[in-house]
Amino acid sequence: MPIVRVISYANIKKIESLEQFEEFLIREPSWMQTNLHAWRLLNAYYQQKDFYVLHHNVDAYTKADFTYILNNYATELEHTLHSRFRNENRVARSIIGLTSVYRGTAILKVVKKMNFRQKHLYWKKTDHCYSYSGSENKKTVKYLRRFSPFLFCLNASNNSTKETKLKIKNFMQEIFPLPSKFEK
């Protein structure tokens with residue numbers, strides 16, 4: 001059964017009305033608005049009160065889930081088809097992952113955020129995190145070395161220097177010395 005990795009978002013429990021939801025939504029960044037739109041949509045159908053944000057990694061899904069979602073959320077997914085860039089209406093990823101969980105065809109795995117001690121204090125024997133995402137910078141390479149996560153996402157950055165890009169390339173070649181069987 002596929003695993004859907006999420007982060008719990010406790011702020012949703014503070015919202016008690018649709019008006020309060022709309023006020024809350026306006027103050028959030030675009031990527032969170034996307035997640036909140038997906039939650040509102042799914043909550044209307046599944047009555048799921050807990051709010052989860054999909055974790056910053058790629059999960060696997062079944063063909064049956066994709067078919068179900070394409071058939072049942074055609075209108076909502078229409079926004080995604082006509083937009084090249086992320087916006088608050090691009091709910092596809094959230095709908096796919098969370099619908100699979102709510103239907104019982106995927107396992108929910110709540111990924112905890114790193115705490116203050118993990119981020120800022122160096123305890124070599126106990127430092128580890130399940131997953132990590134960061135931008136293309138020296139700090140991210142340092143954290144990836146230090147935490148050795150099972151999963152990680154390295155986001156490209158417009159502010160990255162040639163020196164940093166080279167350092168990241170060398171780091172990636174160090175941890176992945178052999179090409180994937182899927183690489184050409």
Side-chain angles (χ1 to χ4, degrees), residues 1-13 15 21 24-25 28-114 118 128-136 140 143-144 147-157 168 171-172 175-176 178-184:
M1 199 179 280
I3 297 171
V4 177
R5 293 165 185 86
V6 297
I7 299 170
S8 183
Y9 189 76
N11 290 343
I12 204 73
K13 299 202 189 267
I15 298 172
F21 180 88
F24 187 76
L25 184 67
E28 292 295 318
S30 177
W31 71 273
M32 184 53 76
Q33 287 181 18
T34 302
N35 289 297
L36 288 165
H37 279 299
W39 176 83
R40 180 172 49 188
L41 175 73
L42 293 171
N43 188 43
Y45 188 78
Y46 293 102
Q47 316 301 281
Q48 178 66 31
K49 298 298 180 199
D50 289 330
F51 174 63
Y52 299 107
V53 176
L54 290 180
H55 192 263
H56 205 101
N57 59 266
V58 177
D59 291 314
Y61 305 105
T62 64
K63 286 182 189 177
D65 281 340
F66 267 101
T67 303
Y68 176 87
I69 290 156
L70 291 173
N71 291 334
N72 289 283
Y73 296 103
T75 304
E76 293 80 6
L77 295 174
E78 188 69 24
H79 295 290
T80 300
L81 297 174
H82 302 291
S83 176
R84 277 183 64 197
F85 301 103
R86 187 184 300 174
N87 66 42
E88 64 275 0
N89 294 316
R90 297 206 52 192
V91 295
R93 183 170 176 260
S94 296
I95 288 175
I96 293 166
L98 295 174
T99 297
S100 298
V101 169
Y102 298 156
R103 290 182 66 223
T105 57
I107 299 166
L108 182 72
K109 165 95 173 136
V110 179
V111 178
K112 294 181 180 177
K113 292 181 180 181
M114 287 191 291
Q118 286 175 306
H128 181 74
C129 67
Y130 183 79
S131 61
Y132 183 83
S133 65
S135 293
E136 198 174 46
T140 297
Y143 281 170
L144 289 173
F147 297 124
S148 189
F150 291 115
L151 303 165
F152 68 88
C153 177
L154 185 58
N155 292 307
S157 171
I168 288 169
F171 170 73
M172 296 299 278
I175 61 173
F176 300 113
L178 301 174
S180 161
K181 65 181 180 180
F182 302 106
E183 290 182 58
K184 294 182 180 183

Which residues share a ring-ring contact (aromatic ring centres under 6.0 Å, His included) with Tyr46, sequence neighbours left out
Tyr102
Please assess Ile175 against Phe152 for the test side chain to side chain contact (heavy atoms under 4.5 Å, CB included), listing each intermediate value before the final yes or no.
CA-CA 12 Å; Ile175 61 173; Phe152 68 88; 3.8 Å; yes
Euclidean distance, Leu98 CG relative to Tyr45 OH, rounded to 0.5 Å:
15.0 Å
When you look at Tyr73 and Ile96, which way does the side chain to side chain contact (heavy atoms under 4.5 Å, CB included) test go after all the steps?
CA-CA 10 Å; Tyr73 296 103; Ile96 293 166; over 6 Å; no
With sequence neighbours excluded, residues passing side chain to side chain donor-acceptor pair (under 3.5 Å) with Thr105
Asp65
To the nearest 0.5 angstrom, please state how far the SG atom of Cys153 sits from the CG atom of Leu144.
10.0 Å
On a heavy-atom basis, which atom in Leu42 and which in Ile95 lie closest, and how many Å separate them?
CD1-CA, 4.3 Å
Contact summary for Ser135 and Thr140, nearest pair of heavy atoms
O-OG1, 2.7 Å
